[in-house]
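Down below is the structure, laid out as structure tokens.
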Amino acid sequence: MSAKKNEENKPVTIDKASEQMLGIAREKNIQTVWDRAAGQEPHCKFGKTGLCCRMCFMGPCRINLSGRDPQTGVCGATAETIAARNFARMIAAGTAAHSDHGRAVAETFLAAAKDKVPGYQVKDEVKLKALANDLGITVDDRPIKEIAVEVGEMLSSEFGSQHGHLHFLKRAPAKRQQIWNDLGIAPRGIDREVVEIMHRTTMGVDQDYENILKPGSRCALADGWGGSMIATELQDIMFGTPSPVRGKVNLGVIKEDRVNIIIHGHEPLLSEMIVQAAQDEELINLAKEKGAAGINLAGICCTANEVLMRHGVPLAGNFLQQELAVITGAIEAMVVDVQCLMQSLPSVASCFHTDIITTSSRAKIPGALHMEFEEHNALETAKKIVKKAIENYPKRKSVNIPKEEIDLVAGFSHESINYMLGGSFRGSYRPLNDNIINGRILGVVGVVGCNNPKVTHDESHVRLVEELIANDILVVQTGCSAIACAKKGLLVPEAASKAGKGLAEVCETVGIPPVLHCGSCVDNSRILVAVANMVKEGGLGNDISDLPVAGCAPEWMSEKAISIGQYFVASGLLVVFGTESPVSGSEKLDKLLTEG
């Protein structure tokens, strides 16, 4: 396949650095994600439209899209039932991914509060006390670690709780809480909601597509107001609540004269330690002994967003650039944790001196070097990983590093936005609400999510965001979408020149970009907190559904995106997904999801 065009003669990417690396991949006969995507065409229509059922081994069954037989599975399941089961299982998988991340963070947080994991600590005491108050935990003059233990125990119990509802639901407007209770979709224990979905969608259980979607929404809410929110809150307390920081983005952040380590994945427990290890004088001196000028860290995907916000570590790229970073020939090690890791990485790395290092017992890759990360000995493990990368430096051959890198501003947490709008003592969303009411800002849109090789890399994210800000709509972003727009210079205050007059005035007055980087994919929970606070501030209605706010995942590909989208819908927001609908084979289900 051409490095620049796909079979429909459309560019595969709008990013020049990626285009350059794809040309090198073709010269070296290295297969990339775009080649494999082309090799999968044409995609199975039954799977693509949600009409393939593999819930038992009487099949697999499929429904004929043309209206001819078969119109039911062997057990009699209709198109609606099959598509609804598949959709609900996508929600459950996405919730499980975010919530297992949250569980790992909660376990480490609790261990840190009990002094059982050296290197981890409470860094944001103010946020810890505020969170304790939210949870109804007495603060007074109690020792910080005592408060942290109680917070950690309470939030850890949310995963296996069998009674009542998740604590963070109380952050939502009262009207929204009442809607959840009336519909019976207020989530209980996080794990319970995932288990119930898997049971309901087993052959011979729930066969009413509307009834399947209700627990689907409940499971999604357990992600947004549960697992993801727990991860975000506790990461902020342990590693520091983000505040605006300048950084760099794109493959040009890789440095020819330094040992380059890419950190990739989603859980910052390891990457925080890698950042510390890379600053160790002994290891820096070892790198210099090997001929390098020092150690350079860069990130891919959501782990990248985490360490960017807190340490200014540059972003090498988003999901579809992970192989391209290796193809520069300048990466000594790519250190991965969980989620969005391509199994192709060791194959690509075999063409170079690069080690792909897996670190989680939950995510091993054949051909990769496994160095198990253990929180109780975190910094020592991180130092061993960094040392292994340094030892690879002399093995380098030719390198091809694109020149493209550009500034961005990241780190707009709920707390930092509150401060920038109103200051330390009167921080609130009042200025934002007022500017929506007076018409300077027409609304807010969260543009989030993945990349997908089915569409031109980054294009949908960038074009949509450019159009939104030009029409006086403030944009908030997370994940790979934020990285896409950062590469086009949209995440700096100077981008206000591309905004409509009203939005530009507000951005210039406050000193913010028209596009706000809010973090990783679990940090979509920051958006939930923000919209709940907009309602609380008053003037725009009594529920999240009253706000001029929407969400969009233009290039989604992951089950996590489905869970995110559904928890935003269930929270009252309009949500738009790009590419294709995973339930388009069922007209009734598609209509229920899009029209209600």
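Please read these numbers as outputs of a predicted model, since none were measured by experiment.
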**Message:** Ignoring hydrogens and geometry beyond distance, is a side-chain donor-acceptor pair present between D458 and N451 at under 3.5 Å?
**Reply:** yes
**Asked** Does any N or O in the side chain of R200 come within less than 3.5 Å of the main-chain N or O of D206, such that one atom is a donor and the other an acceptor?
**Response** no
**Item:** For K388, all residues meeting side-chain hydrogen bond (donor to acceptor under 3.5 Å, both in side chains), sequence neighbours excluded
**Value:** none
**Asked** Has Q71 got more than 12 heavy atoms of other residues, nucleotides or ligands less than 6.0 Å from its CD?
**Response** yes
**Item:** L324 vs L251, side chain to side chain contact (heavy atoms under 4.5 Å, CB included): CA-CA, chis, key distance, verdict
**Value:** CA-CA 8 Å; L324 306 184; L251 294 170; 4.2 Å; yes
**Request:** Taking all non-hydrogen atoms of both residues into account, name the closest pair between C302 and G479 and its distance.
**Result:** SG-CA, 4.0 Å
**Message:** Once rounded to the nearest 0.5 Å, what's the spacing between atom NE2 of H517 and atom CG of L308?
**Reply:** 5.0 Å
**Asked** Between the side chains of S18 and Q321, is a donor N or O closer than 3.5 angstrom to an acceptor N or O?
**Response** yes
**Prompt:** Do the side chain of S350 and the main chain of S347 share a donor and acceptor less than 3.5 angstrom apart?
**Reply:** yes
**Request:** Please list, chain by chain and in numerical order, all residues satisfying side chain to side chain contact (heavy atoms under 4.5 Å, CB included) with S558, sequence neighbours excluded.
**Result:** C450, K560
**Asked** Do I261 and N296 pass the side chain to side chain contact (heavy atoms under 4.5 Å, CB included) test, and can you show the C-alpha distance, the side-chain angles, and the key distance before you say yes or no?
**Response** CA-CA 6 Å; I261 302 173; N296 180 49; over 6 Å; no
**Message:** Whether the D523 and T232 side chains hold a donor-acceptor pair (N or O, under 3.5 Å, no angle test) is what I'd like checked.
**Reply:** yes
**Request:** Please determine, by modelled atom types, if S571 and W225 share a side-chain donor-acceptor pair under 3.5 angstrom.
**Result:** yes
**Asked** Are K454 and E555 within salt-bridge range, i.e. N to O under 4.0 Å?
**Response** no
**Side-chain donor-acceptor pair present, N64, S66, cut-off under 3.5 Å** = yes
**Message:** Can you confirm whether the side chains of E306 and S520 place a donor and an acceptor under 3.5 Å from each other?
**Reply:** yes
**Message:** Just checking R103: does its CZ atom have more than 12 heavy atoms from other residues, nucleotides or ligands closer to it than 6.0 angstrom?
**Reply:** yes
**Asked** How close do V462 and A484 get, heavy atom to heavy atom, and via which atoms?
**Response** CG2-O, 3.7 Å
**Complete:** With L516 as partner, the option from V444, L491, V476 fulfilling side-chain contact (heavy atoms from CB on, under 4.5 Å) is V476
**Request:** Look up atom CD in Q20 and atom CD1 in I401, then write down how far apart they are to the nearest 0.5 Å.
**Result:** 10.0 Å
**Fill in**
With sequence neighbours left out, the residues meeting side chain to side chain contact (heavy atoms under 4.5 Å, CB included) with C351 are I30
**Item:** Which residues share a side-chain hydrogen bond (donor to acceptor under 3.5 Å, both in side chains) with D208, sequence neighbours left out
**Value:** none
**Message:** Under 3.5 Å, is there a donor on one side chain and an acceptor on the other for N524 and T478?
**Reply:** yes
**Prompt:** Among side-chain atoms of S586 and E80, is any donor-acceptor pair under 3.5 angstrom?
**Reply:** yes
**Prompt:** Is the number of heavy atoms from other residues, nucleotides or ligands under 6.0 Å of K588 NZ greater than 12?
**Reply:** no
**Prompt:** Looking only at side chains, do H98 and Q339 share a donor and an acceptor under 3.5 Å apart?
**Reply:** no
**Prompt:** Got a second to check how far L573's CG is from C552's SG, nearest 0.5 Å?
**Reply:** 12.5 Å
**Request:** Report, as yes or no, whether the 6.0 Å neighbourhood of atom NE2 on H199 holds more than 12 heavy atoms from other residues, nucleotides or ligands.
**Result:** no
**Message:** If you compare all heavy atoms of V447 against all heavy atoms of V475, which two are closest, and at what distance to 0.1 Å?
**Reply:** CG2-CG1, 4.0 Å
**Prompt:** With distance as the sole criterion, is a donor-acceptor pair present between the side chains of S228 and D223 under 3.5 Å?
**Reply:** yes
**Residues, nucleotides or ligands: over 12 heavy atoms within 6.0 Å of R36 CZ** = yes
**Item:** Partner of T49 under side-chain contact (heavy atoms from CB on, under 4.5 Å), chosen from L65, D590, V583, N86
**Value:** L65
**4.5 Å side-chain heavy-atom contact, V307 and L297** = no
**Asked** Which atom names give the shortest non-hydrogen contact between I356 and A349, and what distance separates them?
**Response** CG1-CB, 3.7 Å
**Message:** Could you check whether T95 and S563, counting side-chain N and O atoms only, form a donor-acceptor pair closer than 3.5 Å?
**Reply:** yes
**Message:** Quick check for you: to the nearest 0.5 Å, what is the distance between L221 atom CG and M229 atom CE?
**Reply:** 10.5 Å
**Asked** Taking only residues two or more places apart in sequence, or in another chain, which ones meet R396 in a side chain to side chain contact (heavy atoms under 4.5 Å, CB included)?
**Response** E256, N260, A330, E332, H353, Y393, V399
**Any pair counted as ring pair (Phe, Tyr, Trp, His ring centres under 6.0 Å), so long as it reaches residues 559-596, sequence neighbours left out** = W556-F577
**Request:** State whether K16 and E404 are salt-bridged, where the test is any N-O pair (Lys NZ or Arg NE/NH1/NH2 against Asp/Glu carboxylate O) under 4.0 Å.
**Result:** no
**Prompt:** Any idea which heavy atoms bring I230 and G102 closest together, and the distance?
**Reply:** CG2-O, 4.2 Å
**Prompt:** Are more than 12 heavy atoms from other residues, nucleotides or ligands located less than 6.0 Å from atom CD of E372?
**Reply:** yes
**Message:** Any donor-acceptor pair under 3.5 Å linking the side-chain atoms of H266 with those of T303?
**Reply:** no
**Message:** For A495 versus G489, what's the shortest heavy-atom pair and its separation?
**Reply:** CB-O, 3.6 Å
